Number of protein chains: 4
Amino acid sequence: MPTFEQISQQLDHQAIEVPSWAYGNSGTRFKVFGSAGTPRTVQEKIADAAAVHRFTGLAPKVALHIPWDKVEDYAALTAYAAEQGVQIGTINSNTFQDDDYKLGGLTHHDPAIRRKAIDHHLECLQIMDATGSQDLKIWLADGSNYPGQADMRSRQDRLAESLATIYAELKDDQRLVLEYKIFEPAFYHTDVPDWGTALVQVQALGEKAMVCLDTGHHAPSTNVEFIVAQLLRLGRLGSFDFNSRFYADDDLIVGSADPFQLFRIMFEVVRGGGYAADSGVAFMLDQCHNVEKKIPGQIRSVLNVQEMTARALMVDTEALAAAQQAGDVLGAHEVFMDAFYTDVRPDLAAWRESRGLPASPMRAYAESGYQETIEADRVGGTQLSW
Amino acid sequence: MPTFEQISQQLDHQAIEVPSWAYGNSGTRFKVFGSAGTPRTVQEKIADAAAVHRFTGLAPKVALHIPWDKVEDYAALTAYAAEQGVQIGTINSNTFQDDDYKLGGLTHHDPAIRRKAIDHHLECLQIMDATGSQDLKIWLADGSNYPGQADMRSRQDRLAESLATIYAELKDDQRLVLEYKIFEPAFYHTDVPDWGTALVQVQALGEKAMVCLDTGHHAPSTNVEFIVAQLLRLGRLGSFDFNSRFYADDDLIVGSADPFQLFRIMFEVVRGGGYAADSGVAFMLDQCHNVEKKIPGQIRSVLNVQEMTARALMVDTEALAAAQQAGDVLGAHEVFMDAFYTDVRPDLAAWRESRGLPASPMRAYAESGYQETIEADRVGGTQLSW
Amino acid sequence: MPTFEQISQQLDHQAIEVPSWAYGNSGTRFKVFGSAGTPRTVQEKIADAAAVHRFTGLAPKVALHIPWDKVEDYAALTAYAAEQGVQIGTINSNTFQDDDYKLGGLTHHDPAIRRKAIDHHLECLQIMDATGSQDLKIWLADGSNYPGQADMRSRQDRLAESLATIYAELKDDQRLVLEYKIFEPAFYHTDVPDWGTALVQVQALGEKAMVCLDTGHHAPSTNVEFIVAQLLRLGRLGSFDFNSRFYADDDLIVGSADPFQLFRIMFEVVRGGGYAADSGVAFMLDQCHNVEKKIPGQIRSVLNVQEMTARALMVDTEALAAAQQAGDVLGAHEVFMDAFYTDVRPDLAAWRESRGLPASPMRAYAESGYQETIEADRVGGTQLSW
Amino acid sequence: MPTFEQISQQLDHQAIEVPSWAYGNSGTRFKVFGSAGTPRTVQEKIADAAAVHRFTGLAPKVALHIPWDKVEDYAALTAYAAEQGVQIGTINSNTFQDDDYKLGGLTHHDPAIRRKAIDHHLECLQIMDATGSQDLKIWLADGSNYPGQADMRSRQDRLAESLATIYAELKDDQRLVLEYKIFEPAFYHTDVPDWGTALVQVQALGEKAMVCLDTGHHAPSTNVEFIVAQLLRLGRLGSFDFNSRFYADDDLIVGSADPFQLFRIMFEVVRGGGYAADSGVAFMLDQCHNVEKKIPGQIRSVLNVQEMTARALMVDTEALAAAQQAGDVLGAHEVFMDAFYTDVRPDLAAWRESRGLPASPMRAYAESGYQETIEADRVGGTQLSW
């Protein structure tokens with residue numbers, strides 16, 4: 001097995017985008033609990049995201065969600081982010097909270113509503129131009145609740161048409177990333193329910209269209225790392241939305257429910273070239289912190305990704321290939337597990353210190369007083385939420 | 001197979017409670033869509049529930065949810081319901097929307113919060129006294145999101161203690177009905193996740209404690225009718241929360257996702273004596289109408305239950321038993337399916353007319369002008385919602 | 001809604017292939033139960049398949065499985081089938097029962113074993129030439145049980161290469177149909193686990209390569225009819241393997257576990273043009289009759305498909321489209337359900353009689369004496385089984 | 001966190017029963033692959049089980065399965081086991097492989113077949129007397145494949161009666177342990193599908209009746225450690241069948257699919273007193289080694305259990321309780337994860353050496369020549385299999 005030292009340089013370029021909405025309040029359909037210190041403005045969300053980066057060195061970009069993060073002056077927002085030490089990352093569109101979208105957006109049977117949804121995406125492209133963001137991420141809530149309610153086939157065709165209209169406006173260095181999800185908020189059919197559908201839709205668009213894999217958006221017992229491997233093989237893995245799940249789209253802290261799955265996913269990322277600095281794969285969190293504090297929840301999350309990346313990089317791939325080639329089932333499995341069971345945390349603490357970062361970002365944050373400051377300062381106003 | 005005529009009298013005593021919250025706005029964590037005509041007061045919810053009963057003859061009771069349906073004067077509310085032609089049914093408690101309950105209610109590690117949750121239930125008992133309601137239904141949102149977050153074992157013991165405190169205050173003719181649910185809003189562990197847990201908790205309380213089976217609260221591929229049969233066998237099936245699901249706790253219109261499952265459930269209800277007029281099993285809807293109109297959604301739901309009950313009553317049980325006894329697998333299955341495939345809708349239309357009800361409650365409602373009236377009248381105020 | 005009469009002509013061209021292996025013994029890993037009358041030869045299997053066609057008019061072809069159904073003289077076998085009144089249908093390959101395939105076939109890391117698996121398929125092509133069969137159906141058992149055991153990515157590339165080698169030998173009027181399955185017999189990863197993978201593999205081959213959809217091969221809660229619609233939209237739905245499931249790949253009688261799902265699937269088939277006589281979609285059963293009699297099990301199965309096809313054809317598509325276009329959720333759902341709830345069985349009985357078939361194929365078979373004859377005659381020899 | 005040294009003594013009493021059938025050939029319904037060296041006799045299976053114990057010190061007992069392991073002289077078999085250094089453990093009954101049990105055993109509608117199934121269990125009790133085994137483990141394959149095929153309610157009553165008849169013959173120091181399983185080999189209903197059913201059945205019998213929890217026998221997304229905690233709380237956790245799963249009852253090597261789940265399970269075992277030397281909880285493997293070598297497969301399995309037990313023992317329970325009591329969600333989770341992420345393997349290697357065991361049982365076995373010897377010696381005869 002490689003030593004930590006042998007792989008440690010590869011950790012230097014790791015970057016995980018954090019979502020602006022993780023710093024606002026979130027919850028379930030039953031209740032959204034508020035919490036002290038929650039941002040009231042986009043700027044406060046960016047400040048919190050920057051804190052995550054300061055303590056970890058892992059989160060140099062913050063993803064925005066439109067219209068939640070709309071501002072008058074995007075140049076100013078971009079400058080503000082830069083001052084805080086982070087950049088604006090992926091722009092996420094939203095066609096699920098306007099009343100017009102009750103029965104769909106880009107797939108709607110009414111051309112006027114489709115046009116409205118398309119125009120919303122064109123506005124997102126303008127925001128990308130203004131912020132220097134390269135990726136437009138589209139997650140569709142479109143679907144239906146009752147058999148017969150909608151014509152699934154026509155909706156698929158309308159989706160293709162709507163996406164093509166948006167795609168046509170992309171600049172050369174911009175990408176459209178289409179996210180799939182098996183269910184919720186629609187409970188009978190979803191218009192982009194699986195990676196196959198996302199793939200055929202983006203293949204029809206062109207080379208700047210990619211698939212986003214959200215780790216919580218699959219049916220029970222789906223082998224997610226297989227999909228990672230397949231999308232990398234096809235050159236269409238655009239980005240990850242990391243989170244963790246026991247049941248449905250739980251949006252828990254990545255790695256908290258099944259750390260071994262996160263290891264397997266990161267192994268396939270490395271195996272398929274997705275971890276290379278120029279791979280074009282964007283790594284993002286997409287999580288809710290319903291009961292835990294939000295900033296430490298994000299710190300824990302990027303650390304979990306880093307720890308599993310280190311383990312994945314430490315797999316002895318030569319020994320693995322040799323055992324696989326020999327048909328040695330238990331031997332190959334053991335080589336694989338050796339890396340997973342290795343405790344990389346002390347080495348990572350040293351690695352951090354050698355780069356001017358705190359050995360324990362969780363403890364450093366707790367001791368920094370940042371949380372107390374925002375809880376004291378952010379009084380009044382309206383806490384942001386979904 | 002029995003003729004419809006032979007079973008039609010058994011349909012006369014069918015009663016399905018409707019939930020007050022079905023008439024308010026509901027939705028997903030992503031969005032709650034409003035709709036014209038949505039009630040602003042408990043009274044308007046009761047009026048809508050009464051409309052469902054008027055058009056179907058199936059829904060003589062309306063379940064309340066506390067504190068959503070709190071009023072100053074329950075005697076007046078009860079009288080109002082009676083004027084409208086319905087009664088107050090089950091009282092549902094709520095320990096998931098107050099900030100104090102973020103980490104639990106009846107199971108909370110803090111005795112002060114447990115006491116608050118217990119007191120809320122004692123208040124519900126007072127409302128039952130005031131409204132003549134007989135059942136206190138308890139659905140717990142209690143659980144945890146992260147392994148290690150909570151001590152599952154202690155919480156189970158604290159739950160037993162809290163329930164015993166509430167149970168001690170029940171009047172002789174009142175019941176405590178405990179509902180289980182596999183997940184949501186908690187995503188790692190839920191304190192009452194399955195019928196087994198609900199059963200051992202109610203058995204520890206006494207004979208007035210029962211289990212509530214919500215048809216959408218199980219893991220994928222659970223055989224729900226088996227649980228119905230088992231709980232009836234054990235004398236602990238207190239009530240049903242009817243709804244329908246493709247994925248999780250979708251809360252769709254009962255019978256819309258898997259009508260055959262509803263048939264199988266109603267067959268076991270009949271088989272196990274749960275349909276007898278004095279069985280003590282309360283049949284309720286617990287649904288959300290996120291994209292469809294609410295009152296016709298409820299009408300459709302009670303009709304679905306009625307149609308499947310008729311089919312279940314029409315199973316030729318003698319022929320079925322004979323085929324089962326002969327080990328005739330296909331023969332027994334065919335006897336069972338014969339009843340399911342029989343189209344009882346024309347007979348039910350005639351049955352309704354013979355009892356002074358509209359042949360088609362859906363059409364009669366649409367033509368009644370009720371929807372237009374409430375949409376016109378209910379302007380201003382705040383639409384009720386979860 | 002159209003009358004049965006209006007749609008009855010469309011039933012005339014319905015044809016459902018039956019699998020030769022359905023007539024042999026099958027079971028679970030725990031036990032394969034034998035049964036009286038089970039075929040000892042391919043000819044006896046064909047005779048039983050022909051009986052299914054005689055009583056139903058629905059099953060003019062029988063699919064073979066190689067090597068289970070290997071014979072010396074395929075011309076003679078084809079002639080024998082013709083005498084019995086049926087044709088040879090799809091040829092199914094088998095690379096899961098030879099010891100060499102323990103760790104894979106077309107994806108194996110050892111080129112010698114891949115070559116052996118490829119050669120097996122070339123032999124199947126020769127059998128197709130000899131029998132006039134047009135479709136080569138490939139279901140791969142390839143996969144792995146333990147993380148690290150195999151290199152998923154290389155296996156995907158080797159699969160592409162192996163399939164291309166086979167595809168190159170297809171005659172102009174022959175097709176390669178690739179089947180996917182989420183799991184079993186492999187329990188960690190499967191090399192063709194989902195429709196997306198099957199699609200990208202067949203798209204890489206050419207226009208004569210298609211996807212086979214087995215209705216039992218999906219993760220829990222997958223919307224199967226959506227995949228039907230999508231594959232038809234893409235022109236890549238080659239064939240169906242019909243069966244039914246409550247849990248995993250149960251291989252129950254089609255329509256027995258979720259008749260409404262079968263209705264929804266047949267509706268999308270019709271909607272997407274897959275039911276047209278020249279659609280190129282082959283409809284097949286792929287079932288096990290572990291506890292029920294095999295021939296009536298097959299009769300019941302083709303009847304279930306026919307009954308649901310009739311219902312699907314009876315959907316009032318104009319009313320449906322109007323309601324969908326109006327955003328009338330409950331109205332559209334009701335139009336859809338109207339067809340499902342219509343009892344087409346009496347009309348189908350009359351339709352059969354008008355075509356010289358027995359009104360009740362199940363009863364006619366039971367009264368025909370065929371079962372008694374085979375049970376008496378087929379004594380000695382070795383009953384065929386998986 | 002406790003040091004390894006502080007918990008190492010608690011590892012001394014750990015004992016994991018191995019199943020005799022793990023050493024025979026096993027597989028799926030598609031194929032059972034043979035392998036060199038597979039036992040032809042019960043004695044050879046016991047010899048292999050003893051090898052697992054010799055290399056690990058963890059597996060002092062071997063469970064038998066009747067009739068697979070029937071012999072003429074059980075005293076001689078017991079003596080043979082003792083010579084090899086192991087004892088006979090749990091006796092497992094089998095009512096799923098005789099033709100009479102096609103439609104059930106202890107629940108069968110025919111009293112003659114129920115009697116036969118009961119008598120089989122009485123024979124198992126005699127074998128327990130002869131071998132000194134204390135536990136009779138009952139896993140029922142009983143169930144049905146088609147709705148209507150069987151009367152679930154009567155079967156539950158007949159099961160209660162059959163079990164009572166068997167229970168009445170238990171000696172004072174013997175136990176009946178009832179195993180539940182959600183599905184397979186039955187695909188519609190299973191007579192003991194869940195822990196709730198197993199519990200109510202054993203509670204009706206008496207104090208010597210317990211529940212067996214097989215870690216692979218649950219619906220997708222079931223929280224297994226919750227059930228562990230609940231059954232321990234109720235004093236009814238009799239035994240574990242350890243294995244691992246990605247999909248259904250995969251019977252993979254315990255800990256290979258989700259090592260974190262195994263950790264959580266062992267934590268609840270310790271938390272609930274189930275790991276105490278006198279807890280009465282029997283820990284067993286129940287696995288299939290379809291593609292890997294069997295003896296090293298078993299060695300890997302008991303090591304996995306040991307490693308996770310060590311981690312579970314190392315959880316800092318005081319810090320955990322303090323964080324839980326403070327409502328510190330992330331803090332409590334981190335305390336929990338700290339133990340999981342700790343690499344105990346070097347300490348365990350030292351622990352083994354200090355007790356005269358090989359530091360690496362896997363390597364020691366590979367270098368011992370045992371495998372080569374049995375492959376050379378066990379030629380001819382019939383390899384044992386399910």
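Proteins come first, then strands; the chains are lettered A, B, ... in the order of their sequence lines, and each starts at number 1. None of these values were measured; they are calculated from a predicted model.
- For chain C, the nearby parts of A:Q325 are the backbone and the side chain; heavy atoms of each come within less than 4.5 Å.
- Chain A forms more heavy-atom pairs under 4.5 Å with one residue of C:T222, C:L234, C:N223 than with any other, namely C:N223.
- Contact annotation for A:D194: only side-chain heavy atoms (C-beta onward) come within less than 4.5 Å of a heavy atom of chain C.
- When all heavy atoms are compared, the tightest approach of A:D250 to A:F246 is OD2-N, 2.6 Å.
- Each of C:E225, C:E268, C:K102, C:H218 has some count of heavy-atom pairs under 4.5 Å with chain A, and the biggest count is that of C:E225.
- Neither the backbone nor the side chain of A:S144 comes within less than 4.5 Å of any heavy atom in chain C.
- Taking chain A as the reference chain and counting heavy-atom pairs below 4.5 Å, the highest number among C:H108, C:R153, C:H333 is found for C:R153.
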Derivation of the side-chain hydrogen bond (donor to acceptor under 3.5 Å, both in side chains) call for A:R114 and A:T95: CA-CA 10 Å; A:R114 285 206 301 285; A:T95 53; over 6 Å; no

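- Contact of A:L330 with chain C is not made at all, since no heavy-atom distance falls under 4.5 Å.
- Both the backbone and the side chain of A:D151 come within contact range of chain C, judged by heavy atoms closer than 4.5 Å.
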For ring-ring contact (aromatic ring centres under 6.0 Å, His included), just list the numbers for C:F263 and C:F336, CA-CA rounded to whole Å, side-chain angles, deciding distance to a tenth of an Å, and then say yes or no. CA-CA 10 Å; C:F263 171 75; C:F336 195 69; 5.0 Å; yes

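- The part of A:V200 that comes within reach of chain C is its side chain, from C-beta onward, which places non-hydrogen atoms under 4.5 angstrom from that chain.
- Residues C:D214 and C:K181 are not paired through a salt bridge, judged by the lack of any N-O separation under 4.0 Å between the basic side chain and the carboxylate.
- Checked against C:S154 for a side-chain hydrogen bond (donor to acceptor under 3.5 Å, both in side chains), the options A:R271, A:Q324, A:R233 give a single hit: A:R271.
- Looking at A:F183, neither its backbone nor its side chain comes within 4.5 Å of chain C, counting heavy atoms on both sides.
- In this structure, the side chains of C:N304 and C:F242 stay at 4.5 Å or more apart for every pair of heavy atoms.
- Contacts of A:Q201 with chain C are made by side-chain atoms alone, with heavy-atom separations under 4.5 Å and no backbone atom involved.
- Put simply, of C:A219, C:S221, C:P193, C:A229, the one with the most heavy-atom pairs under 4.5 Å next to chain A is C:P193.
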